[in-house]
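Chain A is the first sequence line, chain B the second, and so forth, proteins listed ahead of strands; every chain is numbered from 1.
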Number of protein chains: 2
Amino acid sequence: MSLNPRNYKLSDRTARMTAHDILPYVDAMPETREFLLKIIDVLLDFVRTTNDRNEKVLEFHHPEDMKKLLDLDLPHRGVTLQQLVEDCATTLKYQVKTGHPHFFNQLSTGLDLVSMAGEWLTATANTNMFTYEIAPVFILMENVVLTKMREIIGWTSGDSILAPGGSISNLYAFLAARHKMFPGYKERGTKALPGELVMFTSDQSHYSIKSCASVGGLGTDNCVMVPSDEHGRMIPRELERLIVERKQKGYVPFFVNATAGTTVLGAFDPIIEIADICKKYGLWLHVDAAWGGGLMLSKKYRHPRLTGIERADSVTWNPHKLMGAIFQCSTIHFKEDGLLISCNQMSAEYLFMTDKQYDISYDTGDKVIQCGRHNDIFKLWLQWRAKGTEGFERQQDRLMDLVQYQVRRIKEQSNLFHLIMEPECVNVSFWYIPKRLRGVPHDASKEKELGKICPIIKSRMMQKGSLMVGYQPDDRRPNFFRSIISSAAVTEKDVDFMLDEIHRLGDDL
Amino acid sequence: MSLNPRNYKLSDRTARMTAHDILPYVDAMPETREFLLKIIDVLLDFVRTTNDRNEKVLEFHHPEDMKKLLDLDLPHRGVTLQQLVEDCATTLKYQVKTGHPHFFNQLSTGLDLVSMAGEWLTATANTNMFTYEIAPVFILMENVVLTKMREIIGWTSGDSILAPGGSISNLYAFLAARHKMFPGYKERGTKALPGELVMFTSDQSHYSIKSCASVGGLGTDNCVMVPSDEHGRMIPRELERLIVERKQKGYVPFFVNATAGTTVLGAFDPIIEIADICKKYGLWLHVDAAWGGGLMLSKKYRHPRLTGIERADSVTWNPHKLMGAIFQCSTIHFKEDGLLISCNQMSAEYLFMTDKQYDISYDTGDKVIQCGRHNDIFKLWLQWRAKGTEGFERQQDRLMDLVQYQVRRIKEQSNLFHLIMEPECVNVSFWYIPKRLRGVPHDASKEKELGKICPIIKSRMMQKGSLMVGYQPDDRRPNFFRSIISSAAVTEKDVDFMLDEIHRLGDDL
């Protein structure tokens, strides 16, 4: 059986060694090589099983049971190289295959092998992105890729940075907006403000926007939730009404977040109308396109979803989502150059000296709140080289086409499935209808029943290991399924499998 | 020559393919395998050259020249697999070898091959740490490793999380402290405060502490810099004086950061005296041991440097520094359990449902400001298995012994080198004395001259590619060298090489 730890045997001599014997010395290179290649055997087997539809998506065990299956102990003395190889196999044996074609559970799915190879290289280069001095090629790659992404947004200048996830990217936008509009705030805090700041976002937006209000010191009460319509899109006239209302109460509106691709429904807020309101009241417009940003690459699907995004002051866009880069790869872009450094620079001259021999404008350390920063660019750069811009476009179109297929299949089986709305993105929201509820008129009490069976079906699919699809409630309805197609491995057959398998698992409920 | 792109030839058939042809389909597995193994060839050659003292540490080119040497273009159509392999070789050819035994430039150095293999696996598993559901084994590993680290700190309970770098770890501490002391702040912002908050840190501390004041909305004016003594350690009576002074002015002191291992001098603030002051005035004590934390693993060096750290309310500790884990691996620990979730939870029920089939106390997503979180645990867990706790201890002792050796060699060559102070950590601060200044009495004007030559020697070593050692000024003196020994690959010979090479490069200046 694959990923069975006993299948990965080192030679006797190497097997008994410990890391101390081989590393990091050159003269032990044959054993080092043997050890590392054996680990690669394990990884390639994982890749193979990930792409094998006959393999399970996961082998589920409850935490307490899983602990008994694993030896996670941190020993006093190091274990042998053989044990380390087996540890790797065991770990992957019980890991969920997020790249399996039957994994529809998360916004980030898939296993792009070029991006993965890029991340292997990143680990081996083991550097830090804060200066050109120690990451010259990677820093230049960042410039190339981020410039290209700003062009795709529709900007000819500006500045950008990679951040550890969309939430931190959104935080960068919040900080830059506050700094731009109230430059005294950085040093003097609330004393530099004309009043209590308020920000606006839709009630469907990602919770990291609200988190900015907490982290940044406004308090979450000052993150105003703007109602959304039945498709999950922010209602612009509600936004304007709330801005006016807060202004009248003496608050200082400064920041509006429009979401391009909400987490649950995949909705796109109407950017142009929101941009008009921001312009009218002098507010910063941030577009959180962490999820939907990839569709900017598609001529077919960019409009109307992302029309007007070039009017934003800042844009979050996560290549680890629709573009399939290895997790984690998130970007934040600013229309105005110079803001990142002006906002975040703490002038640590002892770290970022100005008398270096090279052009220090390439150093990024002073632009970020992180200091040390992981190299998240190489995996994306290599992937872009491999696919080309047109390859990315084709992939976006393919994902959306598959979603259209899924919608069609759901409608064709309307006795078994209830489509909640036409999707704008690759999120599809639906209920499964078990035997006893078929033919029953759709109303609130039926929705309640349909919601109750979601966790049961989910539990069954995890126990069986055959499928992963997420569910959640929202403020309009109880639990419902939300499937995601963001993996290049998925085909029409897999979409059929998803629906058929839910039917098999839930028919009797 | 190694890492020459032309040395890595795929078979003719595979070479002409593009990523689209082979991925992610199982039936093309032989070509996929050939492609990935060729990338591994490149990586193993990089590992070999990194450990080869006859190889350069770097091949320096100015940014504009480097751009001409590279093809960083993002094409419209994807390139061939052969081109991708060559791209990888070219990238590493021009990358600085941060694991080379002659790289003394950064706090994070070295290339631990077990940790590297762990990071390869992480890339292949490609998951997200926010739920047990999709990262079961890794979540359990986090629990095991973080519990162990808290034990080493000296706590029997508490809570911890991995964060993307020490700066974000410090931000977590700041946020938790504010939340604990002013629980209304999260919702109501400054209205919930009894007055303007102030925090305290030494003038030698990492700039991320000051950054907390900016990000968190206090304003950097409210981050009070406490003077340090000539060794770079915070002066406790100055801390107390400043606390009293701010209180008298009506401010609300709430947070003190003590640094265990400062960035430049490697100084350890006196934790016990600072803890006494925090207790007296009811302030949160955070210890930023991002850098020096590794020495907690050493019976020989833990005391007196980190004595009293168990009295802290929170501790930052970066295994990617002295412990040599692959970058990035940073941890933040809290004495009190429950604070992380209470502080950071935004109650996004649509993401972190409470009706799951398993014990959701294992889900971490609601504890963090990140939402999606990279798997930074596996590389550390595997490394810990490989070394054992005693292996880590031995490594810390070895690094400190090498530093003692370096200090002795500097003192033995006092005509050539001037030791600025006895090191407490693996940072060694010194000047090189060129021929024309030997025998000249040491005074401020000589220091100025010695400072001027640091950037020139640094530029020469980078041009030659033979060595990397950092320099910087501080508030007491102009530029001086600060070498770091944090790589397990360094030996006494390499220390001699560092000093000899600086002599060769700077004699005539």
Quiz prompt | Among A:G165, A:A125, A:A386, residue most engaged with chain B (heavy-atom pairs, under 4.5 Å) | solution = A:A386
Practice problem: Please look at B:V145 and chain A and tell me whether the side chain, the backbone, both or neither of the residue comes under 4.5 angstrom of a heavy atom of that chain. | Solution: both
Quiz item: Among B:L218, B:V114, B:D87, which residue forms the greatest number of heavy-atom pairs with chain A at distances under 4.5 Å?
Solution: B:D87
Quiz item: B:M346 and A:Y207: which non-hydrogen atoms are nearest, and at how many Å?
Solution: CB-CD1, 3.6 Å
Quiz item: Of the listed residues (A:E119, A:E64, A:R188), which shares the most heavy-atom pairs with chain B below a 4.5 Å separation?
Solution: A:R188
Exercise. Could you pull out the closest heavy-atom pair between A:I134 and B:M468, with the gap in Å?
Key: CG2-CE, 4.2 Å
Quiz item: Does any N or O in the side chain of B:R178 come within less than 3.5 Å of the main-chain N or O of A:V215, such that one atom is a donor and the other an acceptor?
Solution: yes
Quiz item: Does any heavy atom of chain B fall under 4.5 Å from the side chain of A:I369, the backbone, both, or neither of them?
Solution: both
Practice problem: Counting only heavy atoms closer than 4.5 Å, note whether A:L72 contacts chain B via side chain, backbone, both or neither. | Solution: both
Exercise. Could you tell me how the ring of B:F138 sits relative to the ring of B:F378: parallel (under 30°), tilted (30 to 60°) or perpendicular (over 60°)?
Key: perpendicular
Quiz item: At a heavy-atom separation under 4.5 Å, does B:Y132 approach chain A through its side chain, its backbone, both, or neither?
Solution: side chain
Quiz item: Among B:T190, B:I456, B:N344, B:L84, who wins on heavy-atom pairs under 4.5 Å with chain A?
Solution: B:L84
Practice problem: Name the region of B:D73, side chain, backbone, both or neither, that has any atom closer than 4.5 Å to a heavy atom of chain A. | Solution: both
Exercise. Determine the option with the most heavy-atom pairs under 4.5 angstrom with chain A, choosing from B:V96, B:N222, B:T220, B:T98.
Key: B:T220
Quiz item: A:S211 versus chain B, heavy atoms under 4.5 Å apart: side chain, backbone, both or neither?
Solution: both
Quiz item: Minimum heavy-atom separation for B:G110 to A:N126, with atom names?
Solution: O-ND2, 3.1 Å
Quiz prompt | Heavy-atom contact with chain A under 4.5 Å, split by part of B:L121 | solution = both
Quiz item: B:S459: what forms a side-chain contact (heavy atoms from CB on, under 4.5 Å) with it, not counting sequence neighbours?
Solution: A:Q357, B:Q463
Self-check item: A:Y185 portion near chain B, given a 4.5 angstrom heavy-atom threshold
Solution: both
Quiz item: For the candidates B:L58, B:L92, B:T18, which exhibits the highest count of non-hydrogen atom pairs separated by less than 4.5 Å from chain A?
Solution: B:L92
Practice problem: Check the pair A:L140, B:M66 against side-chain contact (heavy atoms from CB on, under 4.5 Å), reporting the backbone distance first and the verdict last. | Solution: CA-CA 9 Å; A:L140 296 179; B:M66 187 73 96; 3.6 Å; yes
Quiz item: How close do B:N105 and B:G470 get, heavy atom to heavy atom, and via which atoms?
Solution: OD1-N, 3.1 Å
Quiz item: Side chain, backbone, both or neither: which part of B:L37 has an atom under 4.5 Å from a heavy atom of chain A?
Solution: side chain
Quiz prompt | Contact origin within B:K210 toward chain A - heavy atom pairs under 4.5 Å | solution = both
Quiz item: Out of A:D359, A:T91, A:V42, which one racks up the most heavy-atom pairs below 4.5 Å with chain B?
Solution: A:T91
Self-check item: Greatest number of heavy atom pairs closer than 4.5 Å to chain A - which of B:Y94, B:Y358, B:F327
Solution: B:F327
Quiz item: Which bit of A:Q383 comes within less than 4.5 Å of chain B, counting heavy atoms only: side chain, backbone, both or neither?
Solution: neither
Quiz item: Does any heavy atom of chain A fall under 4.5 Å from the side chain of B:L382, the backbone, both, or neither of them?
Solution: both
Exercise. Quick one: which of A:V144, A:D475, A:L74 has the most heavy-atom pairs under 4.5 Å with chain B, could you say?
Key: A:L74
Practice problem: Name the region of B:R394, side chain, backbone, both or neither, that has any atom closer than 4.5 Å to a heavy atom of chain A. | Solution: side chain
Quiz item: What is the minimum heavy-atom distance between B:P136 and A:Q95, and which atoms define it?
Solution: CD-OE1, 3.7 Å
Practice problem: Examine whether an atom of A:I40 lies under 4.5 Å from a heavy atom of chain B, and if so say whether it belongs to the side chain, the backbone or both; otherwise answer neither. | Solution: side chain
Quiz item: Closest approach of A:N128 and A:A135, non-hydrogen atoms and distance?
Solution: O-CB, 3.6 Å
Practice problem: Let me see the working for A:H320 and B:H374 under side-chain contact (heavy atoms from CB on, under 4.5 Å), right down to the final yes or no. | Solution: CA-CA 11 Å; A:H320 72 231; B:H374 186 258; over 6 Å; no
Quiz item: Measuring heavy-atom distances to chain B, does A:K148 have an atom under 4.5 Å in its side chain, in its backbone, in both, or in neither?
Solution: side chain
Exercise. Check the pair A:K356 / B:M462 against side-chain contact (heavy atoms from CB on, under 4.5 Å), numbers first and verdict last.
Key: CA-CA 11 Å; A:K356 289 184 181 177; B:M462 286 178 73; over 6 Å; no
Quiz item: So which part of B:L43 gets closer than 4.5 Å to some heavy atom of chain A, the side chain, the backbone, both or neither?
Solution: both
Exercise. Heavy-atom distances under 4.5 Å only: say whether B:T127 touches chain A with side chain, backbone, both or neither.
Key: both
Practice problem: Answer yes when A:K191 and B:D221 have at least one side-chain N-carboxylate O distance shorter than 4.0 Å, and no when they do not. | Solution: no
Quiz prompt | side-chain hydrogen bond (donor to acceptor under 3.5 Å, both in side chains) partners for B:S487, two or more places apart | solution = none
